[in-house]
Amino acid sequence: MLKLTLKDGSVLSVEPGVSCADIAAQISAGLARVALCAQVDDEVVDLCFVPTKDCRLSILTGDSEGGLHALRHTASHVLAQAVKRLYPDVKLTIGPAIENGFYYDFDTDLPFTPEVLEKLEVEMKKIVKEALELKRFELPRDQAVAYMAEKGESYKVELIEALPEDEAISFYTQGEFTDLCAGPHVPDTGRVKVFKLINCTGAYWRGDSKNKMLQRIYGTCFNKKDELEAYLTRLEEAKKRDHRRIGRELDLFDIYDEGPGFPFFLPKGMVLRNLLENFWREEHAKAGYEEIRTPIILDESLWHRSGHWDHYKNNMYFTKIDDADYALKPMNCPGGMLVYKRRMHSYRDLPRRMAEMGLVHRHELSGALHGLMRVRCFTQDDAHIFMTPEQIEPEIIGVIDLIDHFYKVFGFAYTVELSTRPEDSMGSDAQWELATSALQNALDHKKIDYKINAGDGAFYGPKIDFHLRDCIGRTWQCGTIQLDFQMPERFELEYVGADGEKHRPVMIHRVAFGSIERFIAILTEQYAGAFPTWLAPVQAVVLPITDRSSDYAKDVLEKLKAAGVRAEIDLRNEKIGFKIREAQLKKVPYMLVIGDKEAEANQVSVRSRAGVDVGVMPLSDFLARLSDEVEKKVL
RNA sequence: GCUGGUGUAGCUCAAUUGGCAGAGCAGCUGAUUUGUAAUCAGCAGGUCGCCGGUUCAAGUCCGGCCACCAGCUCCA
């Protein structure tokens, strides 16, 4: 039971979720905003609420997720109001609250430079100080259109016209400013105290690249100042973790002007990459996969047959060999088809799980390139599973288990999305129906929560996507499981069933890492370059204090190497503090400090990169500790 | 690809209104033999992203490309 304190001081007791009409019946204020504060479970809280579209009273406390959302939404209105005050000719479009703040898209020729953003912030502060009350009102459709048309807000007119016929068209007014909006909002602009405009970028009207590009201003807003500061600190932290910076600092990889989107892997990056591949091979062998490798360049006719020509041509690279047309593979599947077709298969041999570390080339738009996250050539840890229709569900479950295991090893949490049939696709409705429900059944069987992305599937089938959540809360699409009835059809794949007749197999495309390159980028940011010992390109560095100890130090290095440890030595004539600093900056897990005492006692002094003095011990003790850590893949 | 921004030494950044290209770190050389995150000194390092234009004179102004950054679109 909620106690609503009304503006006139009277108190009203209502059930949570009570309809506004019921409240209206109890008070004379009608459907307008009814309360300023409320008592919830004997605790008085600030209410950020307005009747929602379906006229349910939503109680949003300031600290709740919904409350913050409402606050940010109001902040976007404050921004729009400030823009209209300073630049009346700018046309409004949309301005929602988003995960970390809000944005508003404007149609204007004026570029919103940092100086303009500063002016806007000043104006916004004025609006906040004015503490303008947000009032909601509704208009019939034709009046709503006329109202916005009169203001010259053509985008708003377009939005209203796109609303469902039966939907109430609501507006919010604050002072001289009124915006088409479904709400909810906080009661007045005075609540938007802690905000900051972040930047300005371009964005297409309605997210369609065929439409006009608008100017988008991003901002963020919080309840408390320290929350905003924490958020800004987190952004700084993310910058420090940027894999492009760390990749260069730790000599993992580099990208040159001569090959935009085509990364070079340096010796240390190759160590990391090979370790990931070794892990991948071991796990796939255990899970019953065979490994193949198919060519990068294949005859263009293959791509006509696979359907890539019709659906993926714009992203492909082409070449000629002896006047014949060839293409660089953008995906590995057609090669896998040819391997399957080498001979007749029995149902007894299925499923066949054929894995491939496949190097693919895709022409990504220049503006989409981003370090190792988005490149034009990358290695997919691909696999194609050929199976009978009865094997679909258990095979999908097997892949889900494998991917789950992979992410746990690296310490990632993940979310799952199911993408359904896109507009540009091939195959029959019945096939898509079957494929989609097969994926759904597997997810339900594993009791995995998932979100549905309607129309986001591949052109040949629906897919399950795995999005990794890194340690600072960002998500990245990595693993994907795609069910495909089309490719086996197109390539006329067959197997002989128990009935002696020929049947068409079903195929799964799947990746676990996604791409080695992207996975390395994510790992780099997840660990901020401090890779767990089992993955660290250099696991230990030997640091002699003076050259009196260098012979013993070299001896230690040899023993480490003989034991399979990736070790280096720093024989430079520098002070120990300096050598430690450098090893620390290179994120080497262990530093073995060696001076006269250690040489004398035949021991090593172990320091971890966490800054912990692990102690003086015989080398064998250190080796035991290290191999245990590597064996267990300690994070 | 689109919108906005940026491009000076390996890295991070300076360089009045157009007027002799600079610093710190890294690098190299020498000295220092050092006990858990920076020893000192010296040297070297540049077609100011590329091409063209304006000018007595361009890192600086104009145009065209290229790359990068933030988004949008797309996506492993």
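Heavy-atom basis, side chains included; hydrogens, waters and symmetry copies ignored. All chains are named by letter (A, B, ...) in the order of the sequence lines, taking the proteins before the strands, and each is independently numbered beginning at 1.
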Sugar-phosphate only, base, or nothing, as touched by [X] at under 4.0 Å among non-hydrogen atoms:
X: A:Arg216; answer: sugar-phosphate
X: A:Lys579; answer: nothing
X: A:Lys212; answer: nothing
X: A:Cys200; answer: nothing
X: A:Glu598; answer: base
X: A:Gln584; answer: base
X: A:Val593; answer: base
X: A:Arg362; answer: base
X: A:Phe112; answer: nothing
X: A:Met373; answer: base
X: A:Val375; answer: base
X: A:Ile580; answer: base
X: A:Asp208; answer: nothing
X: A:Gly202; answer: base

Item to check | Closest-nucleotide ordering on RNA chain B, the 5'-leading residue of A:Thr546 and A:Gly367 | outcome: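 Of the two residues, A:Gly367 wins.
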Item to check | Closest-nucleotide 5' rank along RNA chain B - winner of A:Val616 and A:Asp109 | outcome: A:Asp109
Nearest to the side chain of [X], which nucleotide is it out of [options]?
X: A:Met213; options: B:A37, B:C2, B:A76; value: B:C2
X: A:Gln215; options: B:U73, B:U3, B:G35; value: B:U3
X: A:Arg548; options: B:U73, B:A76, B:U33; value: B:U33
X: A:Glu364; options: B:A70, B:G71, B:C75; value: B:C75
X: A:Ala203; options: B:G35, B:A76, B:C72; value: B:C72
X: A:Leu365; options: B:U73, B:U33, B:C74; value: B:U73

Next on the checklist: In whole Å, I'd like the distance from the CD1 atom of A:Ile198 to the P atom of B:G4.
Outcome noted: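 Computing the A:Ile198:CD1 to B:G4:P distance gives 21 Å.
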Check if the side chain of [X] and the base of [N] share a donor-acceptor pair of N or O atoms closer than 3.5 Å.
X: A:Ser515; N: B:A76; value: yes
X: A:Tyr204; N: B:G1; value: yes
X: A:Arg518; N: B:C75; value: yes
X: A:Asp547; N: B:U33; value: yes

Integer angstrom distance from the [atom1] of [N] to that of [M]:
N: B:U47; M: B:G4; atom1: C1'; value: 30 Å
N: B:G42; M: B:C48; atom1: C1'; value: 27 Å
N: B:U16; M: B:U29; atom1: P; value: 37 Å
N: B:A15; M: B:A9; atom1: P; value: 15 Å
N: B:U12; M: B:U6; atom1: C1'; value: 15 Å
N: B:G45; M: B:G24; atom1: C1'; value: 14 Å

Residues in side chain to side chain donor-acceptor pair (under 3.5 Å) with [X], at least two apart?
X: A:Lys91; result: A:Ser154
X: A:Trp205; result: A:Glu158
X: A:Arg273; result: A:Thr379, A:Glu517
X: A:Trp432; result: none

Checklist entry - Considering only heavy atoms, which members of residues 408-423 of chain A lie under 4.0 Å from some atom of RNA chain B? => result none
Checklist entry - Which of residues 90-98 of chain A have a heavy atom under 4.0 Å from RNA chain B? => result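 Correct list: empty, so none.
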Got a list of protein N/O to nucleotides 62-68 of chain B N/O distances below 3.5 Å?
| unit_1 | atom_1 | unit_2 | atom_2 | d |
| --- | --- | --- | --- | --- |
| B:A67 | O2' | A:Asp257 | OD1 | 2.8 |

Item to check | Range-with-range stems for RNA chain B, at least three Watson-Crick or G-U pairs under 3.5 Å | outcome: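 Detected stem regions: B:1-7 with B:66-72, B:10-13 with B:22-25, B:27-31 with B:39-43, B:49-53 with B:61-65.
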Item to check | ring pair (Phe, Tyr, Trp, His ring centres under 6.0 Å) between A:Tyr407 and A:His467, intermediate numbers included | outcome: CA-CA 10 Å; A:Tyr407 296 169; A:His467 294 254; over 10 Å; no
Checklist entry - Can you list every pair that meets salt bridge (charged side-chain N to carboxylate O under 4.0 Å, His left out) and has a residue in residues 256-266 of chain A, with sequence neighbours left out? => result none
Item to check | Qualifying residues under salt bridge (charged side-chain N to carboxylate O under 4.0 Å, His left out), relative to A:Glu582, sequence neighbours excluded | outcome: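 Expected list: A:Arg572.
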Item to check | Criterion side chain to side chain donor-acceptor pair (under 3.5 Å) against A:Tyr155, the qualifying member of A:Asp107, A:Asp105, A:Thr93 | outcome: A:Asp107
Next on the checklist: Treating A:Ser76 as the side-chain partner and A:Gly95 as the backbone partner, does any N or O pair qualify as donor plus acceptor under 3.5 Å?
Outcome noted: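 Yes, A:Ser76 side chain to A:Gly95 backbone: donor-acceptor pair under 3.5 Å.
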Next on the checklist: Check this one for me: any side-chain N or O of A:Arg609 less than 4.0 Å away from OP1 or OP2 of B:A37?
Outcome noted: no
Item to check | A:His509 vs B:A76: side-chain N/O to OP1/OP2 distance below 4.0 Å | outcome: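 It does not, given that no N or O in the side chain of A:His509 lies less than 4.0 Å from OP1 or OP2 of B:A76.
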Next on the checklist: Does either side chain, that of A:Tyr552 or that of A:Glu600, offer a donor lying less than 3.5 Å from an acceptor on the other one?
Outcome noted: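 No, A:Glu600 and A:Tyr552 have no side-chain donor paired with an acceptor closer than 3.5 Å.
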Side-chain donor-acceptor pairs under 3.5 Å in residues 243-251 of chain A, sequence neighbours left out?
| unit_1 | atom_1 | unit_2 | atom_2 | d |
| --- | --- | --- | --- | --- |
| A:His243 | ND1 | A:Glu525 | OE2 | 2.8 |
| A:His243 | NE2 | A:Leu372 | N | 2.8 |
| A:Arg244 | NE | A:Asp242 | OD1 | 2.9 |
| A:Arg244 | NE | A:Asp242 | OD2 | 3.2 |
| A:Arg244 | NH1 | A:His370 | ND1 | 3.4 |
| A:Arg244 | NH2 | A:Asp242 | OD2 | 2.5 |

Check: protein-nucleotides 38-40 of chain B nitrogen or oxygen pairs below 3.5 Å:
| unit_1 | atom_1 | unit_2 | atom_2 | d |
| --- | --- | --- | --- | --- |
| B:A38 | N7 | A:Arg581 | NH1 | 2.9 |
| B:A38 | N6 | A:Arg581 | NH2 | 2.7 |
| B:A38 | N1 | A:Arg581 | NH2 | 2.9 |
| B:U39 | O4 | A:Glu574 | OE1 | 3.4 |

Checklist entry - Which word best sums up how the rings of A:His308 and A:Tyr460 line up, parallel for under 30°, tilted for 30 to 60°, or perpendicular for over 60°? => result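 The arrangement is tilted - the two ring planes meet at 30° to 60°.
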